[in-house]
Structure formats: structure tokens, C-alpha cells
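Accompanying notes for the structure given below.
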Amino acid sequence: MLRIGMLTSGGDCQALNAAMRGVVKGIFSAREDVEIYGFQDGYKGLIYSNFKMLTSRDFSGILTRGGTILGTSRQPFKMMRVPDENGLDKVEAMKHTYHKLSLDCLVILGGNGTHKTANMLREEGLNVITLPKTIDNDLWGTEMTFGFQSAVDVATDTIDRIHTTATSHSRVFIIEVMGHKVGHVTLHAGIAGGADIVLIPEIPYDIDVIADVIQGRSAAGKSFTILAVAEGAISKEDAKLSKKEYKEKLANRKYPSIVFELAEQVEKATGKEVRITVPGHTQRGGSPVPYDRVFSSRVGAKAAEMILNGEYGYMVGMKNGETVMVPLEEVAGKLKFVDPNCSLIKEARMMGISFGDKVGEEEEAVPVDAALPKAVKATEEVPAKEKGKKKEKKVKKAKKEKKEKDKK
Ligand code: F6P
């Protein structure tokens, strides 16, 4: 008997169901002696042993259905080692559920936070395979995550709709696109929707540049301007703050989000009327686009192959259009940012899209990591293992220096 546990964790997105369907179809095409345990609401279900036994029939007819048939929740990684209100050790509880049900493996669908916990469970000795879910497309080790293309589709549609009304009025329109830490969705939707200004966390903006672009368009006879702005867009002043200072600023901000602050600044600097649109969670809702259906089915089927071969401890990712197995320890704790020097950004600039920065001044090609603003970069975490390695190197160096000093 093959016993598989499955859970979806973190913010939902399109194609979660399609991915699970891919796993189950793949497994049942090779074996019949399979039991599927679906944990409810992500890691919560694993911690509190809340599951339902599913058959292959439960996965029929869900290819196009948004959301997740298992439910999901956010269970922050940093709280995993903190006992719950009744003193329950969550990690031990998850291991207990796994062993109690004699599971052969866990299939975990999730984004960044989910992968940190998945890797921890691997380190604790559980067999884990993960699938790359997030609209943000910010998972390390894979070119693509499912949900991304669908979210881009929704955000683009919003910009398209704004376009027709924008042309009728001499206004500035700001569309807030999801992505607190990275700007992949905003960048793609901004280009696809023909936004004039695209603001992403990886490229801090200068309000004077934004005002100049808007006035420049007016002077050229273009009465409206469209801005696609990521939730995590950051001004060049704020980008200089430490992570702590920036967090404090956000906590005390009088605006619900960055676009409201920006709207006020734009109105002041240009005297133009500004309107804000926040598509919010519509970007994660509805049916997956065909790309996501295909991609999620592929990673699901690949996971099935891995389970049948007993290959655990990996995320299924995509490299050069092929599904690949990426070791979990390489994925956990890292983010895939937009490289401010990538060709997509350069091409967008060539088409006249402004990123709200002064072009030419900071154009020196620098590695993506060095180019990231301080406050954004501070969110990129170094995996514990790498931290350990760095410490080890430091100790070795100090020992060597001491030896040399003693010799002298
Ligand atoms: O990580 C996916 C995501 O949709 C982000 O783009 C967004 O910033 C965040 O989740 C919203 O989270 P929540 O659904 O918890 O409000």
C-alpha cells in the first residue's frame, strides 16, 4: 500500500487543484493500492491531524476549478517551533500525524514560507515533495510557479479596462498589483497592459521622475497616464531605511497601502486628478489560464513519477521548459527577485516604460543582489545551512590568524 499525504499551504492561487489532480492521476495510472490523505487548511491539518481520505474520484472535474479543495491557511514558519496556546509542539505533532498514518510521503503545495517548513520536515526525517505554487513567481530554483500566469492575466485585464476609461478622462490611474516583496506580476501585467509607469520593489522610484513622466506625456498631447504599482513598491528614500525602520514606517503609515500615498504625491506634484484601482484578491481567483493548467499538471505528474521512484526531498521546478527536481535545501529561505538589469526591464525601458527611476545614472550593470534596495534586500533570507557555513569559515579564519600570530 502506498500512503500519500497532501496539503496546500499559504495564500491560494489558481491551478492548485489542477496540480493535485496531476499527482493523483499520475499515481493511479501506475498503481491501484494507493491511499490519499488530504490535510485540511495546510499545515494546520497536519498539526491537528485533521484530514479526509480521498479517492481518485475526488480529483475528477477539478482541472479548471480555482481555490483548493483542501483549504489552506498561513502558518508562519517562525511560529512552527513555538508551542500553540495549549503547549502543543507543532513540529512533533506533524511528525506524529505522519507516522500514525504510516505515510510514505507528503506532497506539499506552497510558496516561500511553505518551503521553509517543508524543508524543516525533510530535515526531521519525513519524505517530502513540494510543488511550486504562488502568483508571485518568486520561488528560488524554478523559472515558473503555477498561479503566476493566471494572476498576470487578471491584472492585465484590469489595466486593459482602465485604459478605455483613462482615454476618456484626463486623469492619472494607479493600479495596485499584488506582490509585497517582488515585482514579477506587476512587471508582466504592466508591459502586457501597456502601462506607462511600472513600479516594483526591486527598483526604488523617485516621485520627481514620476511627475516628469506624467507632465511629459501631457506636453506630448497624451492626457492620461497609467501606473502599474506593486504592493511592495518603494521610494528611493524608503529604500535607504533599514528593514526595522521601514517596518516601523509601514506600521505608522496613514494610508492603507503605497498607492494611496503615491496618489497624494502625484496629485500634489502634477495638479492632476488621480484614481486608484486595487484588484486585490481577484488576481488569485477564478479559473487557471491554460498555461497554468498545463504547467501544474506537468509538475503534478512529475511528482507522481518521483513518488513511484521513491525520490524525496525535492521541489519540482522548471528549467529551460523542462520539469526538474530541485533539492529543498536549495529552495528554502530564498526569494527570486526581478533582476533590475535583466533584458525584460531593458526592453521595457526601450519601449518608453518608466520604472520611476533616473535612467542612465544607476545603469551600471551590477549583480541583482547588489542592485536591490536595502529595505527589500533585508527580506531575502540566507538559509540556515549557509549561515552555518559562513560562521564555520569565520571561525576557521580566526583560528588560522591566531596560529600565524602565535608563530610570530
Ligand atoms: O503571496 C501571494 C500573495 O497574493 C501576495 O502577492 C500578496 O501580497 C499576498 O499574498 C496577500 O496575502 P493575503 O491573502 O494573506 O492577504
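For ligands, and for the atoms within them, numbers begin at 1 and follow the listed sequence. Basis for what follows: all heavy atoms, side chains included, without hydrogens, waters or symmetry-related copies. Quick note: residue numbers are just sequence positions, from 1.
- For the pair Gly179 and ligand 1, a heavy-atom separation below 4.0 Å is found.
- Between Asp138 and Lys334 there is no salt bridge, since no side-chain nitrogen of the basic residue lies less than 4.0 Å from a carboxylate oxygen of the acidic one.
- Proximity of Arg284 to ligand 1, defined as any heavy-atom pair under 4.0 Å, is confined to the side chain (atoms from C-beta onward).
- Residues meeting the ring-ring contact (aromatic ring centres under 6.0 Å, His included) test with His163, sequence neighbours left out: Phe224.
- Ion pairing between a basic and an acidic side chain is recognised when a charged N comes within 4.0 Å of a carboxylate O; Glu264 and Lys254 show such pairing.
- In terms of the side chain to side chain contact (heavy atoms under 4.5 Å, CB included) criterion, residue partners of Ser170 (sequence neighbours excluded) are, by chain and number, Ser223.
- Between Arg275 and Glu273, at least one side-chain nitrogen of the basic residue sits less than 4.0 Å from a carboxylate oxygen of the acidic one, meeting the salt-bridge criterion.
- Protein heavy atom closest to atom 9 (C) of ligand 1, with residue, atom name and distance, is Arg74 NH2, 3.7 Å.
- Ligand-side atoms of ligand 1 in range of His281: 13 (P), 14 (O), 16 (O), range being under 4.0 angstrom from any heavy atom.
- By the 4.5 Å heavy-atom criterion applied to side chains, Pro132 and Val326 are not counted as neighbours.
- Every atom of ligand 1 with a heavy atom of Ile135 under 4.0 Å away is listed here by number and element: 4 (O), 6 (O).
- Considering backbone and side-chain atoms together, Asp136 places an N or O closer than 3.5 Å to an N or O of ligand 1.
- For atom 8 (O) of ligand 1, the closest non-hydrogen atom on the protein side is Glu231 OE1, 2.6 Å.
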